[in-house]
Amino acid sequence: MKISCQDTLVPGVKFEQKYQTLKDWGFDGVELSGDLLMENFKEIKSALDSTGLQASTICSGFRGWLVADETEDRKLAVKDIKCLLEYAAELGAVGLITPSIYGTSDYLPFPTRKRTKEEDKKILIEALQEIGEYAEKLGVLLLLEPLLRYQTHLVNSLADGLEIIEAVGSRGVKLMADFFHMQMEEKEIDASLIKAKEQLAHIHLSDSNRLLPGQGHTDFKGSLAVLKAVGYNNYLAFEAIPPGNPQEVADALAYIRLVLQD
Ligand code: LER
Ligand code: MN
């Protein structure tokens, strides 16, 4: 398994400086923030080329949401997502990560949704069918990310994600898993990973408290052994609250490499 790290976790002003640090720490790749990429594609591409660091994936960064209330915001999301998928193809990245929508919840006093969950699901599936076809042509993936219930009302568990992906039926749309979200939404993380194995194309390594892997109470030893056993061979990308001392990122990488050796 290759290991990458979100660009927000590494210090540095220039992209080149950040990517070189990730390389020096021993990461195989970088997960790019989509919003930075939208603004700085040329600079980012040239920094990747000069450092030789691989772009593993792109994380969000588009305007609107696939199940936003307003049609215009949904169209904007599809338009930007297609652009980010093109960037993914140009950079040789696996694809683009997106949740269904961020900032909605059935469990907090967010504004009432205009539509039922079933209506939202239909909208999501149709949008992903269009995007999936585009992604297939480009040879990249749209990675659907389930988020915990306080961040989204739609697609919280891996099973929720699988239901959508099966309905979409495109090779261009796959599932990803984030250990932070799974600690709340899965009954048994390892059993859910096994069920999702055919569709699982990316993973966010984050501990139970959104700190770096090894700084919470997630059983990475057990779950990474399960992923190994089912033949998961895609990226594990670090996502976490940036630590006080950046050296902690390198220490967390050493910890995960050790766990993977067992
Ligand atoms: C948000 O909580 C998250 O996990 C990110 O990966 C957003 O896509
Ligand atoms: Mn995540």
Side-chain angles (χ1 to χ4, degrees), residues 1 3-10 27 29-38 55-68 77-78 80-81 84-85 87-88 93-108 110 124 127-128 131 135 140-158 160-161 164-165 173-186 189 192-193 196 199-213 215-216 218 220 223-224 227 232 234-242 249 252 256:
M1 281 177 252
I3 307 182
S4 77
C5 182
Q6 290 192 340
D7 50 15
T8 46
L9 285 173
V10 57
F27 282 97
V30 57
E31 182 166 293
L32 303 166
S33 304
D35 48 359
L36 282 181
L37 194 59
M38 281 294 216
S56 64
T57 29
I58 302 167
C59 194
S60 289
F62 48 89
R63 294 166 294 175
W65 293 108
L66 292 176
V67 292
V78 172
D80 281 5
I81 285 172
L84 285 161
L85 288 170
Y87 286 162
V94 175
L96 170 74
I97 296 164
T98 172
S100 61
I101 182 167
Y102 182 89
T104 57
S105 175
D106 292 339
Y107 295 85
L108 289 172
F110 283 115
L124 178 62
L128 288 178
I131 291 166
V140 292
L141 299 173
L142 185 291
L143 301 155
L144 181 64
E145 181 175 24
L147 303 181
L148 53 71
R149 67 193 69 177
Y150 302 117
Q151 292 186 8
T152 189
H153 75 294
L154 195 70
V155 186
N156 301 119
S157 64
L158 295 196
D160 293 343
I164 300 292
I165 280 162
V173 181
K174 293 279 180 189
L175 185 66
M176 65 159 291
D178 178 328
F179 276 91
F180 169 69
H181 300 297
M182 288 196 289
Q183 54 82 28
M184 175 168 285
E185 298 299 338
E186 305 302 329
I189 290 180
S192 300
L193 289 171
Q199 298 293 346
L200 212 51
H202 190 57
I203 288 185
H204 274 166
L205 278 192
S206 189
D207 221 316
S208 49
N209 42 15
R210 211 22 138 203
L211 298 182
L212 287 159
Q215 299 188 347
T218 300
F220 285 111
S223 295
L224 292 182
L227 286 171
Y232 178 81
N234 303 314
Y235 272 102
L236 305 168
F238 277 30
E239 177 177 42
I241 298 168
V249 180
I256 288 297

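Keep in mind that what you see is a predicted model, and the values were worked out from it rather than measured. Whatever order the structure lists ligands and atoms in, that order sets their numbers, starting from 1.
- For ligand 1, the atoms lying closer than 4.0 Å to a non-hydrogen atom of S60 are 8 (O).
- Here is the list of ligand 1 atoms found below 4.0 Å of a heavy atom in D178: 4 (O).
- Partners of I164 by side chain to side chain contact (heavy atoms under 4.5 Å, CB included), not counting sequence neighbours, listed by chain and number: K121, L124, I125, L128, L144, V155, V168.
- In this structure, the side chain of S157 does not engage the main chain of E186 through any donor-acceptor pair within 3.5 Å.
- The distance from ligand 1 to the heavy atoms of Q151 drops below 4.0 Å at these ligand atoms: 1 (C), 2 (O).
- Remark: side-chain polar atoms of S206 are not paired, donor with acceptor, to backbone N or O of A240 under 3.5 angstrom.
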Original post:
Please walk me through it: do Q183 and L148 pass side-chain contact (heavy atoms from CB on, under 4.5 Å)?
Top reply: CA-CA 9 Å; Q183 54 82 28; L148 53 71; 4.2 Å; yes
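- Taking only nitrogen or oxygen atoms, main chain and side chain alike, R210 reaches within less than 3.5 Å of ligand 1.
- Atom numbering of ligand 1 starts at 1 in the shown order; those under 4.0 Å from a heavy atom of E239 are 3 (C), 4 (O), 5 (C), 6 (O).
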**OP:** Just do the side-chain contact (heavy atoms from CB on, under 4.5 Å) check on I97 and H204 with the steps written out, would you?
**Re:** CA-CA 10 Å; I97 296 164; H204 274 166; 3.5 Å; yes
Original post:
Does the side-chain contact (heavy atoms from CB on, under 4.5 Å) test come out yes or no for D207 and F179, once each step is laid out?
Top reply: CA-CA 6 Å; D207 221 316; F179 276 91; over 6 Å; no
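- By the salt bridge (charged side-chain N to carboxylate O under 4.0 Å, His left out) test, D80 is found to be paired with R63, residues two or more places apart in sequence or in another chain being considered.
- Counting only heavy atoms from C-beta outward, the side chains of T218 and S208 approach each other to under 4.5 Å.
- Among protein heavy atoms, the minimum distance from atom 8 (O) of ligand 1 is reached at E145 OE1, 2.6 Å.
- Shown are the protein N/O/S atoms under 2.8 Å from the Mn ion (ligand 2), given by residue and atom: E145 OE2, D178 OD2, H204 ND1, E239 OE1.
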**OP:** Check the pair I131, L66 against side-chain contact (heavy atoms from CB on, under 4.5 Å), reporting the backbone distance first and the verdict last.
**Re:** CA-CA 10 Å; I131 291 166; L66 292 176; 3.7 Å; yes
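- For ligand 1, the atoms lying closer than 4.0 Å to a non-hydrogen atom of H181 are 1 (C), 2 (O), 3 (C), 4 (O).
- For ligand 1 and H204, the ligand atoms under 4.0 Å from any heavy atom of the residue are 6 (O).
- Shown here are the side-chain hydrogen bond (donor to acceptor under 3.5 Å, both in side chains) partners of T98, two or more places apart in sequence or in another chain: there are none.
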